[in-house]
2 protein chains.
Amino acid sequence: METIQLSRKDQIDQTATALFRTRGFAATSMRELAAALGMEAGSIYSHIRSKEELLHRICFRLADEFFAGFDEATTDTALPAAPRLRRAVESHVRVLTTDVAASAVFLHEWRHLSEPARTEFLALRERYEAGFRELIAEGASAGELYAPDPAFAALTLLASLNWLPTWYRPGGSLTPPDIAHRLANQLLFGLEVRC
Amino acid sequence: METIQLSRKDQIDQTATALFRTRGFAATSMRELAAALGMEAGSIYSHIRSKEELLHRICFRLADEFFAGFDEATTDTALPAAPRLRRAVESHVRVLTTDVAASAVFLHEWRHLSEPARTEFLALRERYEAGFRELIAEGASAGELYAPDPAFAALTLLASLNWLPTWYRPGGSLTPPDIAHRLANQLLFGLEVRC
DNA sequence: TTTCTTTGCTAACGAACGTTAGGAATCGTA
DNA sequence: TACGATTCCTAACGTTCGTTAGCAAAGAAA
């Protein structure tokens, strides 16, 4: 097992992500973060400008990754909406499982961003949700999907996915692609036996 | 519209719930809470013992309500598992929508409980999830439900429901029973058109 | 009227917070 | 060898934190 060499700044980002995830942004002190890094609190400021900068970087980096994944999953407009939706779901799960800690921070700690970052962040999130909404609406129009209320369906769908970081632990019996596949199936086919 | 008379302690609970929900437990100060109540920080301690007591009361009260609803929804063992699951989902949504703020605190702020309350809380939550898991497993055994992995299905199902407090606002176009019905349908039947 | 409970105040406690200033060690590069 | 970055330290700053002590006003109960 080989560990790649991280710059000190990246180490700080990574440790901060883990702490923000388990203890929350507000409940994590710079002295705790420093201790986890084996240094003193003041020393961190040779690498960053403020505590919030750490949160800002985590949240907006993840936003970028979600967008990149979605775009890549849905570029093939020749495909019907349903399989494109499935690919978008799988991409979302891939981002979540690749970086669970950062995802949890992205999902739960953004509200500690101060303005204008907070508003900017919420706009990004809304735009991302709109992508799913439109995909579902397109599938419903084409008769591929049953979704009387695409907005509602999109919320529920993302909800199921976004809860993942609260229970997923790397190294479990299910691999990320397994999880993605199962989630997509369960969401697209439901639980009830039909036909 | 008539407002019932709340004791001062209940007012404190209610205001604390709203603040914990929007700002988070750790980021809410006693002075903020006092200001929202029109009093001084020290005065709150005529009514409570500590800040954590507030969080404790909110979390465990909600746990009680979820259990009571689940038990009441699933007592009729003459019913097949699928309709009992549907009733349990509806009960869960009812609790979530009846007290959105407290639900959000219950779902996200419990980790700021200190031991042993935290462990006790997690045991309750696990027991509640087990209820859904067993219901789904029963339905799968009876051939009513398609769920190759009941534990996975239960997690996903509760995930969809538990995201509700992040977007639900009372007074929207959908009433809580509407939401419960739609969610149950979407989760039981899925999105994809079949047959 | 007296007494107890409820409710709230002011003032302050020690601790912890995010952050900064100024200096020292280490290192690759000129 | 000298030099600028990089990295980290100690010490401290002003602020805010949860909480407590002691006291006062008001209302209910006796």
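Protein chains get the first letters and strands the later ones, always in sequence-line order, with residue 1 at the start of each.
In this structure the side chain of B/F66 never reaches within 4.5 angstrom of the side chain of B/R125, judged on heavy atoms.
Computed from coordinates, the B/F25 CZ to D/dG18 C1' distance equals 10 Å when rounded to whole Å. Distance, A/R49 CZ to C/dT19 P: 12 Å, rounded to whole Å. One atom, CG of B/L54, and another, P of D/dG18, lie 11 Å apart when rounded to the nearest Å. Atom CD1 in B/I48 sits roughly 14 Å away from atom C1' in C/dG8 (whole-Å rounding). Whole-Å rounding puts the A/M30 CE to D/dT16 C1' distance at 17 Å. Rounded to whole angstrom, the span from the CD1 atom of A/I44 across to the P atom of D/dT10 amounts to 14 Å. Distance NZ (B/K9) to C1' (C/dT5): 15 Å, rounded to an integer number of Å. Whole-Å rounding puts the A/H112 NE2 to C/dG18 C1' distance at 15 Å.
For the pair A/S43 and D/dT7, the criterion of a side-chain N or O lying under 4.0 Å from OP1 or OP2 is not met. The side chain of A/Y45 places no N or O atom within less than 4.0 Å of a non-bridging phosphate oxygen (OP1 or OP2) of C/dT20. The side chain of B/H47 contributes an N or O atom lying less than 4.0 Å from OP1 or OP2 of C/dT7.
In the set C/dT7, D/dG18, D/dC9, the nucleotide with an atom closest to the side chain of B/R8 is C/dT7. Side-chain proximity of B/M39 to C/dC9, D/dC8, C/dT19: nearest is C/dC9.
The pair A/R84-A/D76 does not count as a salt bridge, with every side-chain nitrogen at least 4.0 angstrom from each carboxylate oxygen. Between A/R61 and A/D13 no salt bridge is recorded (no basic side-chain N to carboxylate O distance below 4.0 Å).
Residue contacts shown for B/R31 include a base, since a base heavy atom lies under 4.0 Å away. Nucleic acid contact for A/S29: sugar-phosphate only, since backbone atoms but no base atoms lie under 4.0 Å from a heavy atom of the residue.
Of the two residues near DNA chain D, B/G42 and A/E40, the one whose nearest nucleotide lies more 5' is A/E40.
Ring planes of B/F60 and B/H56: parallel class, angle under 30° (limits at 30 and 60°). Between B/F67 and B/Y128, the ring planes lie perpendicular to each other; the angle is over 60°, past the 30° to 60° tilted range.
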